[in-house]
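Working notes, structure below.
Quantities reported herein were computed from a predicted structural model and do not represent experimental measurements.
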Amino acid sequence: AAVQCWQNGNYSLEDGNGQTKTFNVNKLAPPVNLDSNWVVDFDPNWGAPPEIKMPNLKSWTDHENDGIKFYSGSGFYHKNIDISAAWLEKGRSVYLDLGDVREVAEIVVNGHSAGVLWKPPFRAEITSLLKPGVNTLKIQVINLWINRLTGDSKLPDDQKYTRTNIRSDGSTAMVKAEPWHIIPAGLLGPVRLIPSLKIHVRD
């Protein structure tokens, strides 16, 4: 049998016959936190600057720049990461866990997609896309339109980025709803590289 292990420690397995197998894992490195020093690109046609430096991850809605605070669309987070050759040895795997994402993310490693993530856990295996040494990491995050619509509701018509016939207070003739408001957006983290090890347990 093969067991995927995510942390060091003593393990005990019981098979269908009640036989117990024990083993120890002590060579896994701890997860690496990637929350700091990102560069984020935006589409300036939707109000945000083309690029910002983000020393620490936070919601776009917490940014002091209104173009980012009310931004809706794609944000591209990118940075380089260094991978030890030991992490890529036979039987080992590396996962990228994005933590909290608002709302959808695509992971791209060294120019190759590791897939689109649209619900928790926002995690993907990236082993086959990595190489020892420096690797490029890009994460595209797309949020909801409500933030740009909310920002536009406060602007004169000639400065709006969007057009809609829906009332900003959310109400209709039949329904009373809450007024529009911004909601958290972007890559919130914590973002972690998580090594794992497959152990083959003999019968």
Parallel, tilted or perpendicular: which describes the rings of Phe42 and Trp60, with under 30° parallel and over 60° perpendicular?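 Ring orientation of Phe42 relative to Trp60: perpendicular.
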Taking the six-membered ring for Trp, are Trp46 and Tyr161 parallel (under 30°), tilted (30 to 60°) or perpendicular (over 60°)?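 Tilted.
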Sequence neighbours excluded, which residues qualify as ring-ring contact (aromatic ring centres under 6.0 Å, His included) partners of Tyr95?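 With sequence neighbours excluded, Tyr95 shows a ring-ring contact (aromatic ring centres under 6.0 Å, His included) to Trp6, given in chain and number order.
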Grouping I, L, V, M, F, W and Y whenever their side-chain heavy atoms are under 4.5 Å apart, do [X] and [Y] come out in a common cluster?
X	Y	result
Phe76	Val104	no
Trp145	Ile183	yes
Val40	Val141	yes
Ile81	Leu98	yes

Would you please test Asn8 and Asn26 for side-chain hydrogen bond (donor to acceptor under 3.5 Å, both in side chains) and show each step? CA-CA 5 Å; Asn8 293 321; Asn26 58 17; over 6 Å; no
List the steps and the verdict of side chain to side chain contact (heavy atoms under 4.5 Å, CB included) for Val109 and Leu130. CA-CA 7 Å; Val109 180; Leu130 294 170; 3.8 Å; yes
Which pair of non-hydrogen atoms, one from [X] and one from [Y], has the smallest distance, and what is that distance?
X	Y	result
Pro195	Ala29	CG-O, 3.1 Å
Arg192	Arg123	NH2-NH2, 4.1 Å
Arg102	Asp100	NE-OD1, 3.2 Å
Thr136	Gly111	OG1-N, 4.2 Å
Thr20	Ser12	CG2-OG, 3.1 Å
Ile83	Lys131	CB-O, 3.7 Å

Rounded to the nearest 0.5 Å, how far does [atom2] of [Y] lie from [atom1] of [X]?
X	Y	atom1	atom2	value
Leu57	Leu187	CG	CG	5.0 Å
Lys69	Ile182	NZ	CD1	5.0 Å
Ile142	Ser72	CD1	OG	11.0 Å
Leu188	Phe122	CG	CZ	9.5 Å
Asn37	Asn80	CG	CG	11.5 Å
Leu13	Ile199	CG	CD1	10.5 Å

For the pair Val101 and Ile139, evaluate side chain to side chain contact (heavy atoms under 4.5 Å, CB included) and give the outcome as yes or no after the intermediate values. CA-CA 11 Å; Val101 174; Ile139 303 169; over 6 Å; no
State, with a plain yes or no, whether a side-chain heavy atom of [X] is found less than 4.5 Å away from one of [Y].
X	Y	answer
Asp152	Arg163	no
Val191	Leu96	yes
Ile52	Asn65	no

CH2 of Trp118: more than 12 outside heavy atoms within 6.0 angstrom?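 No, because the 6.0 Å sphere around CH2 of Trp118 holds 12 heavy atoms or fewer from other groups.
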Strictly distance-based, threshold 3.5 Å: is any side-chain N or O of [X] a donor or acceptor partner for the main-chain N or O of [Y]?
X	Y	result
Ser59	Pro184	no
Asn110	Leu129	yes
Asn143	Gly73	yes
Asn56	Asp35	no
Tyr71	Asp43	yes
Lys138	His78	no
Ser113	Val108	no
Lys79	Ser36	yes

Checking Val116 against Gln140 for the side chain to side chain contact (heavy atoms under 4.5 Å, CB included) test, could you report, in this order, the C-alpha distance in whole Å, the side-chain angles of both residues, the deciding distance, and whether it holds? CA-CA 9 Å; Val116 175; Gln140 178 184 9; over 6 Å; no
For the side-chain contact (heavy atoms from CB on, under 4.5 Å) test, which of Val32, Ile194, Ile126 pairs with Val94?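 Of Val32, Ile194, Ile126, side-chain contact (heavy atoms from CB on, under 4.5 Å) with Val94 is met by Ile126 alone.
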Under the criterion side chain to side chain contact (heavy atoms under 4.5 Å, CB included), I'd like the reasoning laid out for Val39 against Glu51: C-alpha separation, chi angles, the key distance, then a yes or no. CA-CA 7 Å; Val39 175; Glu51 179 183 287; 3.5 Å; yes
